[in-house]
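Heads up: the structure comes next, in structure tokens.
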Amino acid sequence: MKVLVATEKPFAKAAVDGIRKIVEGAGFELVLCEKYTDVQQFYTAVADVDALIVRSDKVTKEVIDHAKNLKIVVRAGAGYDNLDLAACTERGIVAMNTPGQNSNAVAELAIGMAIYMYRNQFTPGTGHELLGKKLGVHAYGNVGRHVARIAKGMGMEIYGYCRHKETIEKDGIKALASAEELYSTCDIISLHLPANKDTAASINFELLNRMPKNGMVINTARKEVIDEAGLAKMLAEREDFMYASDIMPANHAELAEKFGKRYFATPKKQGAETAEANINAGLASATQIVKFLKEGDRTFQVNK
Ligand code: 3PG
């Protein structure tokens, strides 16, 4: 059996070494297609493999069509909006993610970005402190939980909003009844929504404009959840408002030019870019593949 790691943004070497150990230890062959620059390279690499590990790489219907032997694809990470689940299901391919494996890395970046923005992007000027500020965790999953844990240590007052109120309350955090209430209450909002048809462009001007003076949104989730025109309007109309994102919006050039230090986006998604996160998610992916191919274990399947 052949296992392909196809990563335009490659894993740390230690993660690839660990994946190799697991895959070869199970008697399978590991194939690498790293830092590919053309989707044709991905199509060629996937042609005869049984299993596939990706990061944010798009596993489209075209990729699936080229992968004649594919039985399982694992997204080494949380968000699986890059997998065409319908195309996988149609071909009987099992799709999985590795929930929780890179979430601390993303959470640390979210808090780091909040400090970076509050401190004028580390340029001269008077900033703010996190101590005593109200933090709103929008969608309380694995990343949101880590953000809340770190923020608690920094003396922030934490609020959460998501569909599963009980998971927030179980951690001793105040769950608010609506997104509207969260935005009206909190100085800083940390976004952790997945990208799907329900969340697309859901963070709009109406919601953002509820934020108190000096409100700030940190987006380490997905660009699709932001209504980009609404964001531009908010930055233009509210000169106190700040936005930082780990995923460049389509109107990045305009926002960077117009709003200076109140706006920031990383050039390439950095959230899970730590050796620790690569190792956790990469090794979990390899283990899940071996367990599926050897024992039929479907834990973490997302296309049920
Ligand atoms: C995730 O959903 O796990 C993160 O967005 C990480 O994405 P990456 O593996 O492309 O860095």
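Both backbone and side-chain heavy atoms feed into the values below; hydrogens, waters and symmetry mates do not. Both counts, for ligands and for their atoms, begin at 1 and track the order of listing.
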Which pairs of donor and acceptor atoms, one on a side chain in residues 15-23, lie under 3.5 Å apart (sequence neighbours left out)?
{"unit_1": "Asp17", "atom_1": "OD1", "unit_2": "Lys13", "atom_2": "NZ", "d": "3.4"}
{"unit_1": "Asp17", "atom_1": "OD2", "unit_2": "Lys13", "atom_2": "NZ", "d": "2.7"}
{"unit_1": "Arg20", "atom_1": "NH1", "unit_2": "Glu24", "atom_2": "OE2", "d": "3.2"}

Side-chain donor-acceptor contacts of residues 136-156 below 3.5 Å, not counting sequence neighbours, with atom names and distances?
{"unit_1": "His138", "atom_1": "ND1", "unit_2": "Tyr183", "atom_2": "OH", "d": "2.8"}
{"unit_1": "Tyr140", "atom_1": "OH", "unit_2": "Asp171", "atom_2": "OD2", "d": "2.6"}
{"unit_1": "Arg145", "atom_1": "NE", "unit_2": "Asp171", "atom_2": "OD2", "d": "2.8"}
{"unit_1": "His146", "atom_1": "ND1", "unit_2": "Arg149", "atom_2": "NE", "d": "3.4"}
{"unit_1": "His146", "atom_1": "ND1", "unit_2": "Arg149", "atom_2": "NH2", "d": "2.9"}
{"unit_1": "Arg149", "atom_1": "NH2", "unit_2": "Asn104", "atom_2": "OD1", "d": "2.7"}
{"unit_1": "Lys152", "atom_1": "NZ", "unit_2": "Asp171", "atom_2": "O", "d": "3.4"}

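A donor-acceptor pair shorter than 3.5 Å can be found between the side chains of Asp246 and Thr266.
The single protein non-hydrogen atom nearest to atom 11 (O) of ligand 1 is Lys9 NZ, 2.7 Å, given as residue, atom name and distance. What sits closest to atom 3 (O) of ligand 1 on the protein, heavy atoms only, is Ala78 N, 2.7 Å. For atom 10 (O) of ligand 1, the nearest protein heavy atom (residue, atom name, distance) is Ser56 OG, 2.4 Å.
Numbered from 1 in the order shown, with element, the atoms of ligand 1 that lie under 4.0 Å from a heavy atom of Gly77 read 3 (O). With ligand atoms numbered from 1 in the order given, ligand 1 contributes 6 (C), 11 (O) to contacts under 4.0 Å with heavy atoms of Ala272. Taking a cut-off of under 4.0 Å to the non-hydrogen atoms of Asn102, the atoms of ligand 1 that pass are 1 (C), 3 (O), 6 (C).
Assignment of Arg222 to the shell around ligand 1 is supported, since a heavy atom sits closer than 4.0 Å. Not a single heavy atom of Glu273 sits under 4.0 Å from any atom of ligand 1.
In this pair, His66 and Tyr43 present their aromatic rings parallel. The plane angle is below 30°, not in the 30 to 60° band.
Among Lys268, Lys269, Arg55, Gln270, the residue whose heavy atom sits closest to atom 9 (O) of ligand 1 is Arg55.
Around atom CD of Glu239, no more than 12 heavy atoms belonging to other residues, nucleotides or ligands sit under 6.0 Å away. Heavy-atom contacts from other residues, nucleotides or ligands closer than 6.0 Å to CD of Glu90 number 12 or fewer.
Residue Tyr116 holds its OH atom at 7.5 Å from NZ of Lys261, rounded to the nearest 0.5 Å.
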